[in-house]
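I have placed the structure first, in the form of structure tokens, so that the comments after it can refer back to it.
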Protein chains: 2
Amino acid sequence: MTDAAGKFQRISSTPAYQLVAEAIERQILSGRIRPGQPIGTEAALVKQFGVNRSTVREGIRLLEQDGLIRRESNRRLSAGSPHYERLATRMSRALVLDQVTFRELYEAAMVMHTATAEAAAERASPEVLAELEANLAMTQRVADDPAAVTELDAEFHTLIGKASQNRVLQLAREPTNLLIYPTTELILRNVKQGTPRLIRAHRMILDALRKHDPDACRTWVRRHLNDWRKGFELAGKNLDQPIEQI
Amino acid sequence: MTDAAGKFQRISSTPAYQLVAEAIERQILSGRIRPGQPIGTEAALVKQFGVNRSTVREGIRLLEQDGLIRRESNRRLSAGSPHYERLATRMSRALVLDQVTFRELYEAAMVMHTATAEAAAERASPEVLAELEANLAMTQRVADDPAAVTELDAEFHTLIGKASQNRVLQLAREPTNLLIYPTTELILRNVKQGTPRLIRAHRMILDALRKHDPDACRTWVRRHLNDWRKGFELAGKNLDQPIEQI
DNA sequence: ATAGTACTCTTGTCTGACAATCCGACCGCC
DNA sequence: GGCGGTCGGATTGTCAGACAAGAGTACTAT
């Protein structure tokens, strides 16, 4: 690096298909094209950009994967706002590939879930509370089916995220939700007390939300997650091993 | 929906380029192709999948955007594990499109940054501490250049994430980092005390990390973020307005 | 008014081609 | 032997053009 000639910028010519993608992306992000609004047909884009259709198509594929562009039922292209679920699956995929351990997941979940629950205690709307109540009732009804309980558990926590009315927290939390999900079923199958304790925790959390009591909410979410961790250990797993493929 | 015949699954033939992408994706996610390992040439993929090169290329574009496939300098394709930065930009983009407010961002940042800092206080390695020290020294040196200070501020917080040794928290936090970034410069330009207060906060946080004192760490991160919010209001902005395009 | 039909538009896929560039091999020179 | 220069093959980026399947649309016959 002492070389006086070592100060050139890395040379890189961007391929045309990327330029096409970036151009469309700018239009959408800047709001000139609103979500749901149709993008022109491929032929139209060919004319506008002055490149071949193959090139346009490759550019479109890039955006399609981001969810910035959607195909309507008619297969016509339209702008679409990328929503959390899509991103969450990719985030959790990245975490799995990175061989994140359960301990990291547990620590992060503890932080974000308690914070979300506290926020929810302050702001939960009657509608969300009703949804949570329905979820809990359903959970009690299918208590002897671990798979069903697991799914409802995940929904319960997503509903708390909704109740918090903080979308940043929701998005940050969603991948942990997805990663916790598969282990919950394992635990419920192997740990006898699992389901009743889960239902009791949900009950207490919901009560605390109703009373707008952040402290109680926090306490029970902590217990709920501690149960999850203990159940995980009881099932014979090691906290420091990487989480597996979902 | 009372129609007895309404129980069929939605028919949907997946385009070939998606099938190609999924096939390659499975290979990578299952670990049969390790990150860094080269994918075959386009011609080879054409032979393997029995489709046209255009189709293969469209499939490749899908994965390229995910970071599952990278182009080496030679332009040859190789598997690559998607890393956080790429995801973080997309997450923050989604939040912007969703017109998330500053209040949501602030609340979420407060939760995640304090938690990360606490974890970092417990686990910060000498190497990261040295990096933080270097960052701080550089910040003092360029104190009269808001743009440079802003960039170093973002790096400082990313380094704390690294020090926490919790990759789940890191990923969850990164988008808020990206969104805070552009407003920081605005604040530093408009609020005279901004830079000295920022440097002082970084100094105190770093000291607390060195002493492995989570409480002090938490306190100073809180103050730092409070400064950010106040500066934001002093700059004449409203906390309940949606964050803007980055 | 409704069912059926023909026409057009659009996408998904294919064929074939060419320029630019990168890589490796080869060659001549010191 | 080491070095720089040249050549050919391999690979990607881009293009032109084509066709089938499917969706939408307008028109017609009943």
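In the text below, chain A, chain B and the rest are named by the order of the sequence lines, each starting its count at 1.
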Residues touching DNA chain C, which here means a heavy atom under 4.0 Å, drawn from residues 38-46 of chain A: A:T41, A:E42
Side-chain (A:E104) to main-chain (A:T101) donor-acceptor, under 3.5 angstrom: yes
Distance, rounded to the nearest Å, where B:R61 contributes CZ and C:dG12 contributes C1': 17 Å
Proximity to DNA chain C (any heavy atom under 4.0 Å), residues of residues 47-57 of chain A only: A:R53, A:R57
Any residue meeting salt bridge (charged side-chain N to carboxylate O under 4.0 Å, His left out) with A:R123, in chain and number order, not counting sequence neighbours: B:E107
Donor-acceptor contact present, side-chain A:R173 to main-chain A:H157, <3.5 Å: yes
Contacts of type salt bridge (charged side-chain N to carboxylate O under 4.0 Å, His left out), residue A:R57, not counting sequence neighbours: A:E42, B:E58
Results of side chain to side chain contact (heavy atoms under 4.5 Å, CB included) for B:V111 - residues two or more places apart only: A:V111, A:A115
Close side-chain approach of B:Q65 and A:D66, heavy atoms under 4.5 Å: yes
Pairwise distance CD(B:E133) to CG(B:L209) - rounded to 0.5 angstrom: 11.0 Å
Gap between atoms CG and C1', on B:L19 and C:dT13 respectively (whole Å): 13 Å
Pairs touching residues 135-163 of chain B that satisfy salt bridge (Lys or Arg N to Asp or Glu O under 4.0 Å), sequence neighbours left out: B:E131-B:K162
